[in-house]
Each structure stands twice: as C-alpha cells, then as structure tokens.
There are 2 protein chains.
Amino acid sequence: MRQETRDRARIADVAREAGVSKTAVSFAFNNPERLSPDTATRIRDVATSLGYRPHPVARMLTQGRTRTLGILTPQALSVVFANPFFSTFSEGVAAVAEEAGYGLFFVSPVHGSLARAVNRATVDGFVAIGLSEDHPEVEQIRRAGLPIVMVDSAAAFPEHPAVDVDDEGGARLAAGHLLALGHREFLVIGVEPPTPGAHADFGGIVGRRLKGYREELAAAGIDLADDHVVVGPASVEGGSACLAGAWEDGRRPTAVLAMSDAMAIGAINAARRLGLRVPADISVVGFDDIELSRHIEPPLTTVHQPVRRKGEEACRLLLSAIARDDSPRPDHRTLETRLIVRGSSGPAPIGKEVAGGR
Amino acid sequence: MRQETRDRARIADVAREAGVSKTAVSFAFNNPERLSPDTATRIRDVATSLGYRPHPVARMLTQGRTRTLGILTPQALSVVFANPFFSTFSEGVAAVAEEAGYGLFFVSPVHGSLARAVNRATVDGFVAIGLSEDHPEVEQIRRAGLPIVMVDSAAAFPEHPAVDVDDEGGARLAAGHLLALGHREFLVIGVEPPTPGAHADFGGIVGRRLKGYREELAAAGIDLADDHVVVGPASVEGGSACLAGAWEDGRRPTAVLAMSDAMAIGAINAARRLGLRVPADISVVGFDDIELSRHIEPPLTTVHQPVRRKGEEACRLLLSAIARDDSPRPDHRTLETRLIVRGSSGPAPIGKEVAGGR
DNA sequence: CCGGTTTAGCAAACCGGTTTAGTAAAGGTA
DNA sequence: TACCTTTACTAAACCGGTTTGCTAAACCGG
C-alpha cells in the first residue's frame, strides 16, 4: 500500500490518543473556542507529538474548495516555460494569487488531451491563456460550474470574464511609426499556430495584429498584399526563416513588422546575413517587448504590452468571480500597448526607394 | 453555497437517472468489463447528457494519490518566475512530469509560512529547489511520508535523493581561466540570501562556489581576503552595486568572479560607468549561463550548468521514489558544469599589473 | 432548590467518489 | 431436475476529514 497511508497519523489516531472524539480534534484546529482552552491545548500537543497534519485532500472535499487556481494552457508546460512571456505572465498571476493565499496549479494537456487535464484539475477556477475559439474545454469548465478568465481571447468567449491587450492599436502604432519614417515596402511576419491543423491563432492575436497593420497601412494608401505576409514558428529561427524565405521569393521590403520580438530578432539576424544593415537598409519593429530586445544590437524597436499586469488583472477577475460565485455580466478588460522606439527602426533608405520606384 | 455544489452532477445523480447503483456508474468508467456492454454504454450516455465528471478531489481521496508533483521554493512565486533560471528548471521538471501524466503544483510560502503551504499541498511528492539546511519543512514532509528530492542542497539532506551540479568544479574552472590569463587581483561577487536574517545560502551554492574559487586561487598562491568577497542581491542591479561598492572601498581588481550571470552583467555595467573597458581593463566571469549572457556586449564568459537537465533528473528521481514507495539508499546525482569562454574575459592588463605591484 | 442558560463534548451524517463482499438470475453440466 | 458456475449488478464500508444536532454537566439567579 501507499507509504502515505502506512505511517501517516489520521484524525482518529489523535482522537484516540487524546481520549476525545474526532470532532474535538477537528475543533481544536478550526474552532478552538468551542473547546475548553486546556483540552484544546492538550489535543494540539498530542497532534504535534504524533506529527499529525489534516489530510489536505480530505479537507478540500469537505470544504468544497481547493484554494488553488489553475493556469490553463493548450501547449505542453515544457514548451511554455521556455517562453519568457509566459513566465512573466505567471509572475503576475502568482503575485495576486499568493497575496490571496491561493496556490497555483498548471493545467496542460495530459497525453494530448486538455479535457482530461481539466477533469483531473483540483482548482477553484481557471485562467486560460492562448485558447482559441475552437476549444471545447471552455464549455466543459462552464458546465462544471467553475469560473474561467480568458486571456488574449475575449472576443471568442464573450460570456466569460477576460483580459486583453490592445493588439490592434499596438499594431497600428508600429505601422504608423514606420510610415512616418517614409517606408512604403512592408513585410509582415506572423506567428503560426504550433498545432499544424487547427488555425488556432492563439485566441485571435494574430488576426487582431494583422488587422491593425492592414488598416494603418491602408490609411496611407498601401494595400498589404497576401504575399507580403508570411508566417512561421514564434522563435528566433522562425523569424530568420520568414525573412530569408520572403527575400528569396523576391520581396524587397524596407520595413518588417514582426508579430513577436523573438521573430523580429530572427529577422534582424537574417537581414544581416543578406548583407543588409539595420536600420540603414531595413527597419524591423517587433511586438511584446521581451527583456532580450533591450539588449540586442541594435536594440529592438517594438510594441510593449504589460504582460505582468495582464496576469495580475486576470487573477483578480478570477478571484472575484470565485468570491461572488454568481456571475453578473462578465468583466472584460483591455490593457493598453505602447510603442517603444529603439535602434532597429530608421528612415526609409532613399536610394532604394527611388530604385524600387513606384 | 458554492456554485460548484449547486449545479454539478454527482455520481448519485447519474445512478438515479440511469436506474442503477453508484457502483455501476463507477464501474462504467473505471471497470467497464464488469458490466454488460450495453449497460456500460447507457450509463456513459446518461453521464454525458448530465455533464457528469467524477469529482477530482473525491477521486484523489479514495485512490490515495493525486497524480501531482510539487515544486517547492522558499521564495514567493512572483519572484522566482522572474528568474529565467527557475523557468528553465521548471521546464525540465515539466517535461518529465507531463510524460508520466503528472500535473505540476507550485508550493511557495503562504503568508510567509512555507510549512502551511506544504500542509495545504495536495501532491504525491516534492522537488525542492534552493532549500538550505535550516528548513524544518523537509523533516515535516518526511514525517508525512511523502518523498522529496533536493536540488542544489544534497549535502544538507543526505537522507533524501538529490540532484546537484558541480559548483565547486565550475568555480575552479572560472578561477583557473582567469589565472591562466595572468590575473592576480580578484574580486568575488556572491549572492546574498533574500531573507536577511537566515544565512540561507541557497542550499550551499554560495559556499561551494566560494570554496572552488578559493582553492583554485590558493593553488596559485593567492589568498582571497575577506574584503575581496562582496555579496548582494542576485540581480543585475545587485551586481552593479557590488562592484561599485568594492571600487569605492579601494579594491582594484583586474578580474571579477561573479556567482550569477545577472550579477556579472551588472558588474560589467558598473565597470563601464567607472570608465573601465571590458575585458581590456577588467575581466568578468559569470556563473549559470543564462540566455541573456550570449547577447550582451561583450558576450559573457561564464560557467554553464545544465539547468533543464537538473529539472529532468530531479523529476525522474522523484517519480521513481513515488513508484518504489519504500526508499532504499537515496540516489544522489551530480551534473557537470563547464566553462564557456566568450568576450568578457581577457589577459590581465600589463600596466596595471605592474603598477599594482606584488 | 428549581428551572433556564451556558459550556464542553460526542455521535452521526456528510462531502463524492472507489472497492469489497455478496446476491439473484441465467447458463451449463450430470 | 438438482447442482455448480458464471454473469451482472448492488449494498455497505471506506478514504479522512468537517459540521450539525444533541445531551449531560456546570453555572446562575431568584
């Protein structure tokens, strides 16, 4: 049998040893005022000497709550933890959760099934990040009566509380910045969903950012053709491949709009390998503002989003949903993005612009 | 009452609706071969239509296991998640845990008490990182009959399985490298424990690395005086402050041995502000080899340790301890470190060396 | 000294499942 | 037809706590 069972002191053991009922032992811990002070003390002493601690699972069962929050992600933990973005988000969630005395459980697919993971999860509610509309688990959670806060996919689940950032506005800022620098030839580098089949789209981020780019460019009279939008894995290598591939296909952008900083950095590397100077020959603007972006050469111009605050807000919404228990109109919050101009963007190269003609 | 209770289907509901006993419903899910095929199907259909899922907590209670692993840290999650080191470690643990179908729960102090957090934790075992000898929670866990794997503090808890890296050897490599470059004037920058009182020492890392530095230097006839060892918070700012402070106190090292990359980077920044060139005037060698170190200018020479593998190994040890249930002699594993020479270390400056005289 | 209130503690029900031991009916054999 | 298996299912015990309702003793004022 399990070792745990073998040598762990149970409440009945303490009761017997102290010559009282189980009730008294329970009271000694949770309701001492219902016992005479010396009895309470005696019971607690016996408990300590036996090394008794209430079994947390049994406690959860009777109290009907776990004091645990779940962070739900459709990707394997071993991949999300490699993403500094995710860590920072978790940091935000953790800060608020710990303050409220809640623990954190990470819920990721069990042998490929997110649904099974959700069923196993002993939590009072979920914060879901990167879930796109086609995830039936959300409905499953709703039916289980557990609250869930959506992050980065408000639009797909209007009936749940949600936290988003203004992706579209941020994309507009990025595009506007490059337009103001005189650029007319753009390449957009997008992130492709990790699961090939489903056009998961990370809850719509890609669509919203693309929309922002498109509209801002359109306002300046530039129509972003489909072959000026390429996608790849959200990594440095993915970004390199995107730019290199587009170049090979004959694209000659003077400005690159990347939907992630990692890809932007990859694009810079690729540009350099093509003999281009950044930003003299080609400008690159990222998205997210990860730590690394500040440190590369040249420092990356990018759109900052408040990742940690996203986590904090999501956690707050979840806690209040748990506390209220009933759900009034779900609270949707949108956090602002802002452009951070550093060294990877500069004026459009005059010569080329002329040479490229228009 | 809790919403969960209000509208969640229980096993009894399914039983009633299907006209069978609770036992039958349980069998339909866990032991279908003990039921006639059509009864099993019917029960499952009813269950689905009612949106029934077995209550995970109840299940844990009867099965006596949680299928969850705990990662134990004496610091708040909101701080550890800011540490890329921790993320990478978690990545390793997660990879192995997910493979085995285990979930991950993060156990950090609840309102300052790690003991309470441990009591609340519904896990089958712990991986503890950064725990020093004076942590009574380890004994508490042992008495609860749960296995625990120590990371980076094997020496303090010989009775538990453990994973370490060869900190001492790595420190030797770093010091040896600088000695070979002709350096004679050293400054060691160490990390100070986050909790001021306890000289926690992160489970002995600081001591082991310092020992390595000391011995290697001693072998070259250099005695590392106490005022050539300074400590600060394990951050970029902490590193800056350390070097700046030491400089102010009259130290004039040509070589800095930092116990963390973040601090090494801080030291480089501080050196620059003092008008020193790296590595022409002063060499800096870090420890850990974080992602960022590769990207700064100049790229950091540092001691690499296999952080992700540390997580993987720790998780494997834990899983096998859980499976065996009894504990034979605890398995202690030491992973190798290696020196990565990049741009922040160079020959000792001749002029100064002469001027400094010895 | 009596009736009413407070105090201290207990037995039993409960949380929501799993598992053991057992039974009634169907099927098979002599 | 009587007897033994097998099949299909159930009642009750159990996991380890918490909580409700109750009782007996102590206390208290008149």
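Reckoned from all heavy atoms, side chains included, excluding hydrogens, waters and symmetry mates. Note on naming: letters A, B, ... go to the chains in the order of the sequence lines (proteins, then strands), and numbering restarts at 1 for each one.
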Nearest whole angstrom, please: distance from the [atom2] of [N] to the [atom1] of [X].
| X | N | atom1 | atom2 | answer |
| --- | --- | --- | --- | --- |
| Gln63(A) | dG16(C) | CD | P | 14 Å |
| Asp38(B) | dA8(D) | CG | P | 9 Å |
| Asn31(B) | dA8(D) | CG | P | 14 Å |
| Leu50(A) | dG16(D) | CG | P | 15 Å |
| Arg120(B) | dG16(D) | CZ | P | 20 Å |
| Met60(A) | dC14(C) | CE | C1' | 19 Å |
| Arg53(A) | dT18(D) | CZ | P | 13 Å |
| Arg59(B) | dC15(C) | CZ | C1' | 17 Å |

For this session: Check Ile141(B), Thr68(B), Leu318(B) against Val123(B) for a side-chain contact (heavy atoms from CB on, under 4.5 Å) and give me the one that passes.
Result: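 The option that passes is Thr68(B).
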Whether the [X] and [Y] side chains hold a donor-acceptor pair (N or O, under 3.5 Å, no angle test) is what I'd like checked.
| X | Y | value |
| --- | --- | --- |
| Thr23(A) | Ser26(A) | no |
| Gln75(A) | Asn83(A) | no |
| Arg59(B) | Asn30(B) | yes |
| Ser36(A) | Thr39(A) | yes |

Is any side-chain nitrogen or oxygen of [X] closer than 4.0 Å to OP1 or OP2 of [N]?
| X | N | value |
| --- | --- | --- |
| Thr62(A) | dT18(D) | no |
| Tyr52(B) | dG16(C) | no |
| Arg10(B) | dG17(C) | no |

For this session: Just name whichever nucleotide pairs with dC28(D), Watson-Crick or G-U, keeping both distances under 3.5 Å, else none.
Result: dG3(C)
Seminar exercise, completed: The Watson-Crick or G-U wobble partner of dA11(C), with both key distances under 3.5 Å, is dT20(D)
With the threshold set at 4.0 Å, does a side-chain nitrogen-carboxylate oxygen contact exist between [X] and [Y]?
| X | Y | answer |
| --- | --- | --- |
| Arg309(A) | Glu312(A) | no |
| Arg8(B) | Asp13(B) | no |
| Arg42(A) | Asp45(A) | no |
| Asp164(A) | Lys310(A) | no |

Seminar exercise, completed: Side-chain contact check for Ser26(A): nearest option of dT19(D), dG17(C), dG16(D) is dT19(D)
Problem set entry | 5′-ward residue of the pair Leu61(B)/Ser36(B) relative to DNA chain D | Ser36(B)
For this session: With a 4.0 Å heavy-atom cut-off, tell me which residues in residues 40-48 of chain A come close to DNA chain D, sorted by residue number.
Result: none
For residues 101-117 of chain B, please give each side-chain donor-acceptor pair under 3.5 Å, one per line with the distance, not counting sequence neighbours.
residue: Ser108(B); atom: OG; partner: Glu98(A); partner atom: OE2; Å: 2.4
residue: Ser113(B); atom: OG; partner: Ala115(B); partner atom: N; Å: 3.4
residue: Ser113(B); atom: OG; partner: Arg116(B); partner atom: N; Å: 3.0

Identify the pairs formed between an N or O of the protein and an N or O of nucleotides 10-13 of chain C at a distance under 3.5 Å, and give each distance.
residue: dC10(C); atom: OP2; partner: Ser21(A); partner atom: N; Å: 2.9
residue: dC10(C); atom: OP2; partner: Ser21(A); partner atom: OG; Å: 2.9
residue: dA11(C); atom: N6; partner: Thr23(A); partner atom: OG1; Å: 2.8

